[in-house]
Amino acid sequence: MTTALVPPLAACAPVGVFDSGVGGLSVLLEIRCQLPAERLIYVADSGHAPYGDKPPAYVQARAEHILAQLRRAGCKAVVVACNTVTGLSIQALRERHPDWPIVAIEPAVKPAVALTRSGIVGVLATRNTVASPGLARLIAAHAAGVRVLPQACPGWVERVERGELDGPETEAAVAQQVRPLLAVGADVLVLGCTHYPFLRPVIERVAGPSVIVLDPAPAVARELARRLAQAGLAAPGPAPGDVAFWTSGDLAQTQRVIALLWGQAVQPQRLPDDPA
Ligand code: DGL
């Protein structure tokens with residue numbers, strides 16, 4: 001029988017990855033690096049960013065709309081590359097799609113607690129993530145004996161959306177949120193928003209070499225690999241999978257910023273059937 005050598009058709013389907021905007025590209029880059037054979041569809045909901053300041057019901061409705069489009073596109077799995085969506089809505093999304101592998105990023109509180117020597121950890125995140133039930137659950141589950149200080153970082157997402165990754169104004173905005181955490185002794189900083197890895201050089205410059213900065217994106221890519229293998233859905237390879245970009249934002253602006261963050265020119269398309 002030769003049929004055992006033919007990968008199931010479902011394994012050749014794409015993986016959907018989405019965020020409020022271009023931040024989730026920090027996760028997409030890790031997935032591309034660890035799972036190059038996977039076909040990927042990335043949704044940047046830049047027309048509705050930032051999620052971090054929107055009412056939770058609005059964020060959940062956007063996430064549901066995007067999941068519906070990714071399902072219609074035949075995605076075999078989805079990655080929520082947005083801590084804000086995870087913190088506010090992940091349970092509801094999983095309940096609505098119980099038959100679908102949904103891998104979701106969340107702030108790396110557990111590894112941070114294992115690494116801190118001062119016993120003080122800062123979590124840099126959006127306002128919605130800071131106030132979310134998801135972050136409260138993570139802290140309750142993993143941070144016994146350690147002070148975890150969630151810090152909202154207004155304006156950082158908008159900077160990354162504009163491609164302003166460095167310069168005096170970006171450094172001042174970063175210092176304003178990071179310095180108070182350093183002043184109280186935080187020695188580990190968690191990047192609790194997928195836009196922030198693109199500010200990492202500035203964050204590390206402000207924080208100095210003795211502070212550990214944690215990005216959970218590599219762990220998300222590993223978890224996706226594990227889930228796909230478990231379900232028999234890993235792409236057969238070895239040819240690299242294609243990557244498509246969809247957006248609800250301005251096409252020219254999204255194209256410019258994705259090229260900057262992704263490192264090569266892309267042709268984003270309009271997010272299908274967007275009601276907004
Ligand atoms: N990048 C997202 C996150 O991880 C959302 C940022 C936003 O739109 O406010 O939280």
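What you are looking at is a predicted structure, and each value in this text was computed from that prediction instead of being measured. Counting convention: from 1, in listed order, for ligands and their atoms alike.
Residue Val157 has at least one heavy-atom neighbour below 4.0 Å for each of these atoms of ligand 1: 6 (C), 7 (C), 8 (O), 9 (O). Using a 4.0 Å cut-off to heavy atoms of Asn83, the atoms of ligand 1 that qualify are 3 (C), 4 (O), 10 (O).
Rounding to the nearest 0.5 Å gives a distance of 8.5 Å between CG of Leu88 and CD of Gln60.
Among protein heavy atoms, atom 10 (O) of ligand 1 sits closest to Thr84 OG1, 2.6 Å. Regarding atom 2 (C) of ligand 1, its nearest protein heavy-atom neighbour is Asp19 OD1, 3.2 Å. Nearest to atom 9 (O) of ligand 1 among the protein's heavy atoms is Gly52 N, 2.7 Å. Nearest non-hydrogen protein atom to atom 7 (C) of ligand 1 is Tyr51 N, 3.3 Å. Distance from atom 5 (C) of ligand 1 to its nearest protein heavy atom, with residue and atom name: Ser20 OG, 3.4 Å.
One finds a salt bridge joining Glu38 and Lys76 here, because a Lys/Arg side-chain nitrogen approaches an Asp/Glu carboxylate oxygen to under 4.0 Å. A salt bridge is defined here as a Lys NZ or Arg NE, NH1 or NH2 lying under 4.0 Å from an Asp or Glu carboxylate O, and Asp166 with Arg205 meets this definition. In this structure, Asp250 does not pair ionically with Arg270, as no charged nitrogen and carboxylate oxygen lie closer than 4.0 Å.
The closest approach between any non-hydrogen atom of Gly23 and ligand 1 is not below 4.0 Å. Under the 4.0 angstrom criterion for non-hydrogen atoms, Cys82 is in contact with ligand 1.
Taking the six-membered ring for Trp and the full ring otherwise, the centers of Trp262 and Tyr42 sit at least 6.0 Å from each other.
Considering backbone and side-chain atoms alike, Thr194 places an N or O below 3.5 Å from some N or O of ligand 1.
Ring planes of Tyr58 and His48: tilted class, angle from 30 to 60°.
With Val103 as the fixed residue, the side-chain contact (heavy atoms from CB on, under 4.5 Å) test singles out one of Leu228, Val220, Val78: Val220.
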